[in-house]
Amino acid sequence: MILPELFNTNAPDNSTGMFARLFCALLAVLVSFNFVKQYRYFLTQPLKLYGKGPRLLGLLLLPALNRYQFLTCGAGFILCLLLVVLNMYPYIAIAIALICYFLYFSQIISLAFIQRKANLIPIVLLILLFSPSLDKPLHFPSSTWELVLIKIVLIQVYFSAAIQKIRHSGLGWLNGQYLQAYLIENYIWTDRNAALAIASNTIFCAILSTLVLIFELTFGLVLFLPQLTFIYVGFALLFHLGTLITMRINYLKYLGPVYLVFFTDLAFRLKTVIGL
Amino acid sequence: MNICIIFFFTICILLLWVTIAGKELYPFSHYPMYSGPHDLKNIGVFRIAIEKKDGNIVWWQSEFYRYPEYSGRKLQQLWEARNNNQQQEVFLQLERHRLLISILQIMKKENINADEYNAFHIIERTINSDLKPVNKTVEIIPLNRLKR
């Protein structure tokens, strides 16, 4: 892909608008489903045990909220996402959603299924905020750089994880013993037999370690070879399901909506089939 | 359009920077989890169990499962620090006391009645060569000592 082309060509449909609506709709549903659990977690006062929340861009310490402020931010976040879905004042809604996100999620960032797993949400919202196509009707031609950037943001998650493995473990990562040790450690925390079953087979651990590293390093190929997209998306789904079952690492919940970036064409086709 | 180009490259540079430098710039992250070398021989965790009034001992389970893991890791750090530095004994005891009280508070918020339990058992859990867990009680702390 040639860069000047990226900023000068338009897609025949408003793919960015479609993604924004799908992303915000799914995210609103997920946050709503987890709203009570997240509030219960907030009530256990995690900041007391874990200490202060993260600093925005390493600079700005986000304030601790009381329960009413927390609930207001959470409800405000969902409401703003719904406004984007309905294409009502989408830019203002996304700007407020971003503020609500940081206030709300920073209170409960230590929750297992949030931590770094929700980090892409504000980055994607920020990209949408800069998109000139956000408030255009879905049949309007639109710029495409936003979706490319969202894919780059997603690719960075895996690419960076691979780089850190190589940096900290070198090629030793491929022998499967490190993965085996992580699985066993998880097993003695949780008594989950799935982790033990995989860890018992060192060769299988070595194969998995190698496959994961190759997958993480090469996920970026989907930018240049779109025909590989669904192979990689399928592998990513299996990978996250595997970590969820064996290690209780749930990236599917809040990373899932970002994956919709690969499904905008399908959504347009469905829209045509349904006759909307 | 110019703003879009500048924005596009700013995000790309930030992503590249956190990846290469291995830094956290929330919400930009370098995702270092489970990337370091790990050895089966060095695996050992501290888990917290609670002793019921009838003498049965059960693992402390929380709906928010990172709490038991975080508390266990913290207790392990304090235990190792105490073994390595006898001079700070009082400070480390206080820190452990504070942590156990936090656990009691979390249990209370999760509607676990602490009155039904006698004591915390801090258990070191390792793995043997047959990949079977081995439990060793490190310390038993009566709850009434914490409630005082």
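Nothing here was measured: the structure is a model prediction, and the numbers come from that model. Per chain, numbering begins at 1; letters A, B, ... match sequence-line order.
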Choice from [options] maximising heavy atom contacts with chain A below 4.5 Å:
options                     : answer
B:E24, B:E69, B:E63         : B:E69
B:T126, B:L99, B:I20, B:L16 : B:I20
B:M33, B:K23, B:Q61         : B:M33
B:K41, B:K74, B:R98, B:R73  : B:R73

Side chains of [X] and [Y]: is there a donor and an acceptor less than 3.5 Å apart?
X      : Y      : result
A:Q164 : B:S35  : no
A:S131 : A:T16  : no
A:K253 : A:N34  : yes
A:T202 : A:Q177 : no
A:Y41  : A:S110 : yes

Heavy-atom distances under 4.5 Å only: say whether [X] touches chain A with side chain, backbone, both or neither.
X      : value
B:S102 : side chain
B:Y34  : both
B:I11  : side chain

Original post:
Any residues in residues 105-112 of chain B near chain A, with a heavy-atom distance under 4.5 Å, and which are they?
Top reply: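 Residues of residues 105-112 of chain B touching chain A at under 4.5 Å: B:I106, B:K109.
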Original post:
What residues, two or more places apart in sequence or in another chain, satisfy salt bridge (charged side-chain N to carboxylate O under 4.0 Å, His left out) together with A:E185?
Top reply: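 Once residues adjacent in sequence are excluded, A:E185 has no partner under the salt bridge (charged side-chain N to carboxylate O under 4.0 Å, His left out) criterion.
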Segment of [X] engaging chain B (4.5 angstrom heavy-atom cut-off):
X      : value
A:L62  : side chain
A:I127 : both
A:L111 : side chain
A:A118 : neither
A:R40  : both

Who wins among [options] for the most heavy-atom pairs under 4.5 Å with chain B?
options                        : answer
A:I152, A:V153, A:I123         : A:I123
A:Y158, A:F113, A:F159, A:F102 : A:F102
A:I163, A:L56, A:L49, A:I249   : A:L49
A:I121, A:L59, A:L126, A:L120  : A:L126
A:Q180, A:K165, A:Q45          : A:K165
A:G172, A:P54, A:S106          : A:P54

Subject >> Stepwise ring-ring contact (aromatic ring centres under 6.0 Å, His included) test for B:H38 and A:Y182 >> reply: CA-CA 7 Å; B:H38 205 13; A:Y182 281 120; 4.6 Å; yes
**OP:** Begin from the C-alpha positions of A:S209 and A:N175 and carry the test side chain to side chain contact (heavy atoms under 4.5 Å, CB included) through to its verdict.
**Re:** CA-CA 7 Å; A:S209 302; A:N175 67 24; over 6 Å; no
Any side-chain heavy atom of [X] within less than 4.5 Å of one from [Y]?
X      : Y      : answer
B:I122 : B:T137 : no
A:T44  : B:Y67  : yes
B:I48  : B:H121 : no

Is the charged tip of [X] near the ring of [Y]: under 6.0 Å from the six-membered ring centre and within 45° of its axis?
X     : Y      : result
B:R47 : A:W189 : no
B:K52 : B:Y117 : no
A:R55 : B:Y26  : no

Subject >> Minimum-distance pair of heavy atoms, taken over all atoms of A:F130 and B:C4 >> reply: O-SG, 3.9 Å
